[in-house]
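Notes follow once the structure below has been shown.
Because only heavy atoms are used, hydrogens play no part in the values below, and waters and symmetry mates are left out as well, while side chains stay in. Note that ligands are numbered from 1 as they come in the structure, with each ligand's atoms numbered from 1 the same way. One-based numbering along the sequence shown. Note that the coordinates shown come from a computational prediction; the quantities given were computed from them, not determined experimentally.
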Amino acid sequence: MDALVNFTNQSQGRDRIFRASQYACALSIYLLRNNTERKDLVAKLKSLETNMSAGRKLLRLGNTANSIKAAKRTVQLSDRVLCLCLTAANVSRALYFICDNVLWARSVGLIRNIDKERWNLNASRFYFYSLLLNLTRDAYVALQLMLERKRDRHFREKMDQNLNQCPEVAEVILPQLDAFVFLLLETLKSHPAVALDTLKNICDLFIPLDKLSIYKSSAGVVGFCGLVSSLIGMVTLAKPTLQIKP
Ligand SMILES: *[C@@H]1O[C@H](CO)[C@@H](O)[C@H](O)[C@H]1NC(C)=O
């Protein structure tokens, strides 16, 4: 079991490269869709995208064990909100990978009698829940950091200065909101790990939203958001200080 978990940890970098390529293909296909001279290229990109997606499914076979192990870790967190959000997110992610593995088994012919559409929808649903829980965690962490910062005297002086510089705006347009946005931006600026994780989760959200028909965006938006989130994933894997903890 541990060997499997270790191996999938190592293959994460590879998966992120494949994922970035997959969404780069999707985005290029979208951008080239009306270009009649590039039909051959589009066909090649389509087959590349399909292959990337199938290859990633194979690499993801150990990820269920990985997510269960992560859930066992997060259930021990002392902060109740973090414990709940992250454990539920990891369980949801494990369920997503189970659906994903079943779909892989069907695609290679190991099993036949399953409703592909239903398993696909379930996979997207669990992925969606996991993302929502991760975003809740991001909001909670950001809020705590903001409160911490607000208590900081130096920062309060800076904020007052900022508000005094534009008195009309401060008086007319909800000074509270102005102060909130200022505080939020300052907090995210000094905690890039939280900012990156939030941006990554928001980008990822467009994928299940589209698949579940909750919010239909274009293939271009899905490709672009998937690419941005994969690139952020690669950056945080290469630079662990930019990874949100726990
Ligand atoms: C949610 O966050 C956890 C911990 O940061 C991460 O391992 C997991 O991949 C995230 N889930 C999704 C669907 O991105």
Side-chain angles (χ1 to χ4, degrees), residues 4-20 22-23 53 56-57 59-101 103 120-145 188 191-212 214-215 222 225-246:
L4 186 66
V5 170
N6 272 340
F7 176 76
T8 49
N9 275 339
Q10 280 166 13
S11 61
Q12 257 193 32
R14 234 165 302 160
D15 179 65
R16 300 219 171 146
I17 294 172
F18 281 0
R19 188 171 189 257
Q22 183 191 334
Y23 285 111
S53 163
R56 286 185 57 225
K57 274 207 187 332
L59 280 180
R60 282 199 297 247
L61 279 181
N63 280 5
T64 308
N66 208 304
S67 298
I68 291 171
K69 197 170 167 183
K72 275 189 193 158
R73 212 170 37 235
T74 51
V75 84
Q76 288 161 4
L77 289 173
S78 54
D79 186 310
R80 287 255 180 88
V81 179
L82 283 184
C83 168
L84 192 71
C85 283
L86 287 176
T87 308
N90 281 321
V91 170
S92 218
R93 196 160 159 264
L95 293 170
Y96 158 69
F97 284 126
I98 290 174
C99 295
D100 189 65
N101 294 348
L103 285 165
N120 247 324
L121 272 182
N122 281 334
S124 295
R125 212 165 276 149
F126 288 126
Y127 183 59
F128 180 57
Y129 296 151
S130 169
L131 283 174
L132 280 187
L133 288 158
N134 276 3
L135 271 171
T136 312
R137 184 273 291 265
D138 290 335
Y140 173 73
V141 171
L143 206 64
Q144 274 194 329
L145 290 170
L188 291 180
H191 294 91
V194 180
L196 281 178
D197 196 64
T198 310
L199 183 61
K200 178 176 179 287
N201 285 327
I202 291 175
C203 284
D204 276 337
L205 207 56
F206 283 94
I207 301 162
L209 280 179
D210 187 73
K211 279 197 185 146
L212 294 171
I214 298 172
Y215 176 77
V222 171
C225 289
L227 181 59
V228 171
S229 114
S230 313
L231 292 177
I232 296 177
M234 278 157 75
V235 169
T236 54
L237 205 62
K239 250 184 112 85
T241 47
L242 290 177
Q243 219 165 61
I244 192 166
K245 310 240 160 43

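A donor-acceptor pair shorter than 3.5 Å cannot be found between the side chains of D138 and N134. Checked by atom type, the side-chain pair R93/S130 shows no donor-acceptor distance below 3.5 Å.
Formation of a donor-acceptor pair under 3.5 Å by the N201 side chain with backbone atoms of D197 is found in this model. S92 places a side-chain N or O within 3.5 Å of a backbone atom of F126 that can act as its donor or acceptor partner.
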Short N or O separations between ligand 1 and the protein, below 3.5 Å:
unit_1: ligand 1; atom_1: 2 (O); unit_2: N134; atom_2: OD1; d: 2.9
unit_1: ligand 1; atom_1: 2 (O); unit_2: N134; atom_2: ND2; d: 2.4
unit_1: ligand 1; atom_1: 5 (O); unit_2: R137; atom_2: NH2; d: 3.1
unit_1: ligand 1; atom_1: 9 (O); unit_2: R93; atom_2: NE; d: 3.1
unit_1: ligand 1; atom_1: 11 (N); unit_2: S130; atom_2: OG; d: 3.3
unit_1: ligand 1; atom_1: 11 (N); unit_2: N134; atom_2: ND2; d: 2.8

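The aromatic rings of Y96 and Y127 are tilted relative to each other, their planes meeting at an angle between 30° and 60°.
Counted within 6.0 Å of NZ on K57, heavy atoms from surrounding residues, nucleotides or ligands total more than 12; the atom is thus considered enclosed.
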